[in-house]
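To keep things clear, I will list the structure first and then write my remarks on it.
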Number of protein chains: 2
Amino acid sequence: MTSQKEPSAADDKRRLILDAAAELVSEGGYSALSIRALASRAGMSLGLLYYYFADKHAVFAALMRDQQATMVELLDSQPRDLGLRSLLLAMVEPTRRQWLQVGRLVGVWRAERPDVTVEAREQQLDSARTQFEALERALRECAAAEGRVMRAEPEIVPFVWASLMGIADLHAQGWVTPIDEDRLTDITVSAIEEHVLEPTKE
Amino acid sequence: MTSQKEPSAADDKRRLILDAAAELVSEGGYSALSIRALASRAGMSLGLLYYYFADKHAVFAALMRDQQATMVELLDSQPRDLGLRSLLLAMVEPTRRQWLQVGRLVGVWRAERPDVTVEAREQQLDSARTQFEALERALRECAAAEGRVMRAEPEIVPFVWASLMGIADLHAQGWVTPIDEDRLTDITVSAIEEHVLEPTKE
DNA sequence: ACCTGAACACCGTTCAAGT
DNA sequence: ACCTGAACACCGTTCAAGT
């Protein structure tokens, strides 16, 4: 369904491990995701996990990429003719779900492994970029359906993302790299300012 | 300086442990905060840590309350006559610092210990509430200095908080309890909506 | 190529034993 | 009351050994 070519036996095995991992996390949180529990749930030995995944971090990273792929599919399949507000409201719940399932793990993982390999970091950035692009498409097309134009600043999409995550008690990732931090700050502060004040009576 | 009465010998010891813990975290992240490293850094035995703190979680919780107390002091000492925007801009950096130092640990701790005791949770909520009240005071007084009135909805302060955390790559805590989630969603979505669209030309 | 489980170096926590 | 460190039950990871 989501695969391009025939999945190999190794791919099937990896899938099996990832499904077991997702089960464990949703059942007992991150602390339930131990290598031993995972091996037992996936019906294989301890050592075999290390044949299919480099380490625990790799398992989690794959889990996270799954989540992001799901989010991209969801964004792309969202109707555009209902406008921007409908899109945003529809994304609140899925965003919350993503945060609950892997969001807090990102914090853990980042905290526990500040020394990720370069290519692992690269893969992670790439997956995040794809998700941002899907959000950008959805925002732009929904705005267009209302006959409006989305602001061109590249900070807009991360701003929306961070706001959605705020609602979902989210941990906004550090992924947001190709960005003018001052502009992002400025935009966010302006939004805060306008929504904190009562409209002046004049 | 921050204490009301003469600190006892036990308080001093606890202070010593917490300072050592803060050092370790700032040096090597959460993974560097092991009980053994902490005991060694604080110059005491393994077992003694458990005399002064119930467990590792208690050490971290105390660390977090320190950070929040610092934030409250900072908010209260912020000048009011420069208006709301200045306040917000001034809070961006301290907020980021708090997030870097303990923010990501909250995620870890919550993930690793979903079964916190009731009183521990209560203490945490209380500390968070104090911080929110300080933010509310600062916002209201800064708005007043501009001759404006802050919106009365209780969702406003958490909205500001979440936005600041968004800028700081922050993990917005689950503390935001006495709140209408739909209203919070609505306000945030409205903010997003207005800041995503180019002003119509008419 | 795929798979096993003992072994290693850790970890947080407990507790009998000391002063 | 304050303090110690061996011991316990874990953990992620490695690796010689099997098919």
Side-chain angles (χ1 to χ4, degrees), chain A residues 6-18 20-22 24-25 27-64 105-117 120, chain B residues 6-18 20-22 24-25 27-64 105-117 120:
Chain A
E6 193 73 4
S8 69
D11 286 340
D12 284 346
K13 217 78 171 194
R14 265 189 279 270
R15 192 59 285 137
L16 196 92
I17 295 170
L18 288 177
L24 287 172
V25 168
E27 283 170 22
Y30 182 73
S31 58
L33 183 56
S34 82
I35 289 290
R36 278 167 181 82
L38 182 54
S40 148
R41 179 66 66 105
M44 60 182 68
S45 74
L46 211 67
L48 194 53
L49 283 181
Y50 286 87
Y51 183 78
Y52 290 107
F53 289 95
D55 52 20
K56 192 181 177 181
H57 150 65
V59 175
F60 168 63
L63 217 54
M64 213 174 64
L105 299 194
V106 178
V108 175
W109 165 58
R110 291 264 251 37
E112 306 249 341
R113 300 213 135 231
D115 55 326
V116 258
T117 59
Chain B
E6 193 75 3
S8 69
D11 285 341
D12 283 345
K13 216 78 170 193
R14 264 190 279 270
R15 190 62 281 139
L16 196 91
I17 295 169
L18 288 177
L24 286 172
V25 168
E27 284 171 21
Y30 182 74
S31 59
L33 184 56
S34 83
I35 290 290
R36 279 168 181 83
L38 182 54
S40 148
R41 179 67 66 106
M44 60 182 66
S45 75
L46 211 66
L48 194 52
L49 283 181
Y50 286 86
Y51 183 77
Y52 290 107
F53 289 95
D55 50 20
K56 192 181 177 180
H57 149 66
V59 175
F60 168 62
L63 218 53
M64 213 175 62
L105 298 194
V106 177
V108 175
W109 164 59
R110 291 265 248 39
E112 306 248 342
R113 300 214 136 229
D115 55 325
V116 258
T117 59

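These numbers come from a predicted model, not from an experiment. Every chain is numbered from 1 and lettered A, B, ... according to where its sequence line falls, protein lines coming before strand lines.
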- Interatomic distance where CG belongs to L33(B) and P belongs to dT13(C) [whole Å]: 11 Å
- Item | Whole-Å gap separating C1' (dG18(C)) and CG (L48(B)) | 13 Å
- What does Y52(A) touch in the nucleic acid at a heavy-atom separation under 4.0 angstrom: a base, only the sugar-phosphate, or nothing? sugar-phosphate
- Can you name the closest pair of heavy atoms from L49(A) and I35(A) and give their distance? CD1-O, 3.5 Å
- Distance in angstrom units between D12(B) CG and dC2(D) P, rounded: 12 Å
- Item | Presence of Y51(A) side-chain N/O under 4.0 Å of dC3(C) phosphate oxygens OP1/OP2 | no
- Task: Find the partner of dC8(C): check Watson-Crick (N1-N3 plus N6-O4 or O6-N4) and G-U wobble (N1-O2, O6-N3) distances, both under 3.5 Å, and reply none if neither fits.
- Result: dG12(D)
- Query: Counting side-chain heavy atoms from C-beta on, which of dG5(D), dC11(C), dC11(D) comes nearest to R36(A)?
  - Reply: dC11(D)
- Message: Which heavy atom of V59(A) sits nearest to which heavy atom of A21(A), and what is that distance?
- Response: CG1-CB, 4.1 Å
- Message: Go nucleotide by nucleotide along DNA chain D from the 5' end; which of G47(B) and A9(B) gets its closest nucleotide reached first?
- Response: A9(B)
- Message: Between the side chains of D11(A) and R14(A), is the shortest nitrogen-to-carboxylate-oxygen separation below 4.0 Å, so that they form an ion pair?
- Response: yes
- Query: Within less than 4.0 Å of OP1 or OP2 of dG5(C), is there a side-chain N or O belonging to S45(A)?
  - Reply: no
- Do the side-chain N or O atoms of K13(A) get closer than 4.0 angstrom to the phosphate oxygens (OP1, OP2) of dC3(C)? yes
- Query: Could you state the OH-C1' distance from Y50(A) to dC15(D), rounded to the nearest angstrom?
  - Reply: 13 Å
- What heavy-atom pair brings R41(B) and A20(B) nearest, and what distance separates the two atoms? CG-CB, 3.6 Å
- Message: Measure CG/L46(B) against C1'/dC10(C) and give the value in whole Å, please.
- Response: 13 Å
- Between atom NE2 in H57(B) and atom C1' in dT13(C), what is the gap in whole Å? 15 Å
- Task: Whole angstrom is fine here: how far is it from CG in D55(B) over to C1' in dC15(C)?
- Result: 16 Å
- Task: Mind calculating the distance between CD1 (I35(A)) and P (dT4(C)) to the nearest angstrom?
- Result: 15 Å
- Quick one: are M44(B) and I17(B) in side-chain contact, heavy atoms under 4.5 Å? yes
- Message: With rounding to the closest Å, how many angstrom separate the P atoms on dA17(C) and dC2(D)?
- Response: 22 Å
